[in-house]
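Just follow the structure's listing: the first ligand is 1, and inside any ligand the first atom is 1.
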Amino acid sequence: MALAMFAALPLGLLIVWLSQGIQRRLGKKHIKAKVDSASRLQEYLLGMREIKAYNLSGERFVRLKEAFKRLKKESIRIEGLIGPILMVAIAILRSGMTFMIFTGTYLLAGGQLTLPVFLLFLLMGNRVFEPLTVALVNYAELNYSVLSSERIMEIRREKPLPGEKNAPPGAGIVFQDVTFAYNSAEVIRNVSFSIPEKSITALVGPSGSGKSTITRLIARFWDVRNGKILMDNEDIREIDPEKLLSRISMVFQDVYLFRDTIRNNIRVGKMNATQEEIEWAAKQACCHEFITALPQGYDTPVGEGGCTLSGGEKQRISIARALLKDAPIVLLDEATASLDPENEVQVQKAINALVSRKTVVIIAHRLKTIKEADNIIVLDEGRVAEQGTHEALLKNRGLYRNLWDLQQESAGWTMTA
Ligand code: ADP
C-alpha cells in the first residue's frame, strides 16, 4: 500500500527536475523585465518636468510603455508555462492516491488487507499529499528566488578597489601620461599635467572633451588604463580609496538633497558636526540667511516631498557640506544653469570661502569666472590642447582664444522682436 501511494512520486519529481532549465530561462527573462520596468519608472518620475514640457506624459512615454509591455509578456509566459508543468507534476503525484485505492481494493478482495488498515491508508494518503503538493510549488518558487540571490551574490563577489596605504599629507596632483576608456573608446589620451598644492586649476574645453572624467579619475571612481596619477608622489592606486576620498570634497552641478532636514543635509559633510559648526559652514556658504527665514529654520524638511529650494540654494548647501568636510582638495563643477544675478553672487562668495588655501580643480563653463586661475588646462577630445594662464592662452590664439571669443560674442547678444 505504501509503495502504491508513492508509485508516481519519482515521475512527478522527474518532471519538476527536467523543467528546471525552462524555469531558469524564463525566470531570468522575467527578472530582467522587472528590473527594466523599475528603472524606466524611476526615469519617468525623475524626468517628469521634461516629460511634461515635451508633452510625452502617460502613454506617450514609449520607453516606459514598452518596458511594461515586456514585463506583461514575460509574466504571462512564466505563469503560462510553469503553471501547467507544476499542475501536471501535482496531478501525477496525486495519482498515487488512485493507485492506492485500486491496490487496496484488490488486496481487500483477496483478504490480504483488513478494512481498518485500508481506511487508515486512505486517511494517511490525504495527509501526505497535501504537504508534498505545497513542497512542489515552493520548490518552483525557490528556484526563482535562487535566481534573484545569484544577482546579489554577483555584487558581493565584486572585489573592492585595491590599495591599503594612508593618504599622503600633501595635496599636489600629477597626471603622468594618463589614458582612460570607459568601454573600448579612449576618452582621455596621454594626458600629463601637474596641479601644485594650494593652487587653482581650471579645466575647460568643449562638451565631451573629458573634463568630468578627469575629476572622477582624481577621486578614483575608476582606475586609469595607462599612466599614473600621483598625489604627493604616491600612486593613487596604492592608497585606500576611502582614505583618498576623505581628502577630497566634491561639489557637483546636480546637488542631491536627502529626504531629511536642512541641518542633516549639511551634516553629510561631517557626521559628528556640532550645531555651531553647521551654522558656521552655512554662514560661510551664504545659506544661513535663507535657512533662518524658513518657518522651521534648520529643521525644515527638504528633498522628496519636503520644501523645494532653488538651484542656487541647493548648490550653496552642497558648498556648506564641503566646507564642513574641510578636505584639502576640492573638485568643483561650476553650475551651467544660469543663476539669477543675486544667486550667482552668493554662489561665487560661497565658492570663494570654500577654495581658499585649498588645491582646487574647477570645471569651468563660463570662462570669465576662471580668469584668475593659476593654470587653465584646455582639453580637446581627451587630449591637453594647451595650458597656461588666461593672458598666456589668449596670446596663444588657440582653442581657448576661440572659446573666449565665442563667449564674449554671445554675452553681447540681445533679443530682437
Ligand atoms: P565633459 O565633462 O568635458 O563634457 P566627460 O568627461 O563627461 O566630458 O565625457 C568624455 C567622454 O566620455 C564623452 O564622450 C562621454 O560620452 C564619455 N562618457 C562620460 N561618462 C561616461 C560613462 N559613464 N560611460 C561611458 N562613457 C562616458
Exercise for review: Show your reasoning for whether salt bridge (Lys or Arg N to Asp or Glu O under 4.0 Å) applies to K165 and D240.
Suggested key: CA-CA 5 Å; K165 288 192 181 168; D240 177 341; over 6 Å; no
Next item on the list: With side-chain contact (heavy atoms from CB on, under 4.5 Å) as the test, would you mind laying out the steps for V255 and I317 before giving the verdict?
Entry: CA-CA 9 Å; V255 181; I317 291 212; 5.7 Å; no
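Distances from atom 1 (P) of ligand 1 to the protein include at least one heavy-atom value under 4.0 Å.
Near K211, the atoms of ligand 1 lying under 4.0 angstrom from a non-hydrogen atom of the residue are 1 (P), 2 (O), 3 (O), 4 (O), 6 (O), 8 (O). Under a 4.0 Å criterion applied to the non-hydrogen atoms of G208, ligand 1 contributes the atoms 1 (P), 3 (O), 4 (O), 8 (O), 10 (C), 11 (C), 13 (C). The ligand atoms of ligand 1 that sit less than 4.0 angstrom from a heavy atom of R216 are 20 (N).
With a 4.5 Å cut-off on side-chain heavy atoms, Y139 and Q23 do not count as touching. When side chains are defined from C-beta on, L203 counts as touching I214, because their heavy atoms get closer than 4.5 Å. Proximity of K270 to E277: side-chain heavy atoms (C-beta onward) are separated by under 4.5 Å at one or more points. Using a 4.5 Å heavy-atom cutoff, the side chains of K228 and R237 are in contact.
Residue N183 places no N or O, backbone or side chain, under 3.5 Å from any N or O of ligand 1.
For the side-chain hydrogen bond (donor to acceptor under 3.5 Å, both in side chains) with Y298, the lone residue among E279, H288, R267, Q275 that qualifies is H288.
Using a 4.0 Å cutoff on heavy atoms, G210 counts as a contact of ligand 1.
Proximity of T213 to ligand 1, defined as any heavy-atom pair under 4.0 Å, is shared by backbone and side chain alike.
The closest heavy-atom contact to atom 21 (C) of ligand 1, among the options F180, F221, W222, Y182, comes from Y182. Selection from S207, S212, G382 by nearest heavy atom to atom 7 (O) of ligand 1 gives S212.
Counting only heavy atoms of the protein, atom 12 (O) of ligand 1 lies nearest to V187 CG1, 3.3 Å.
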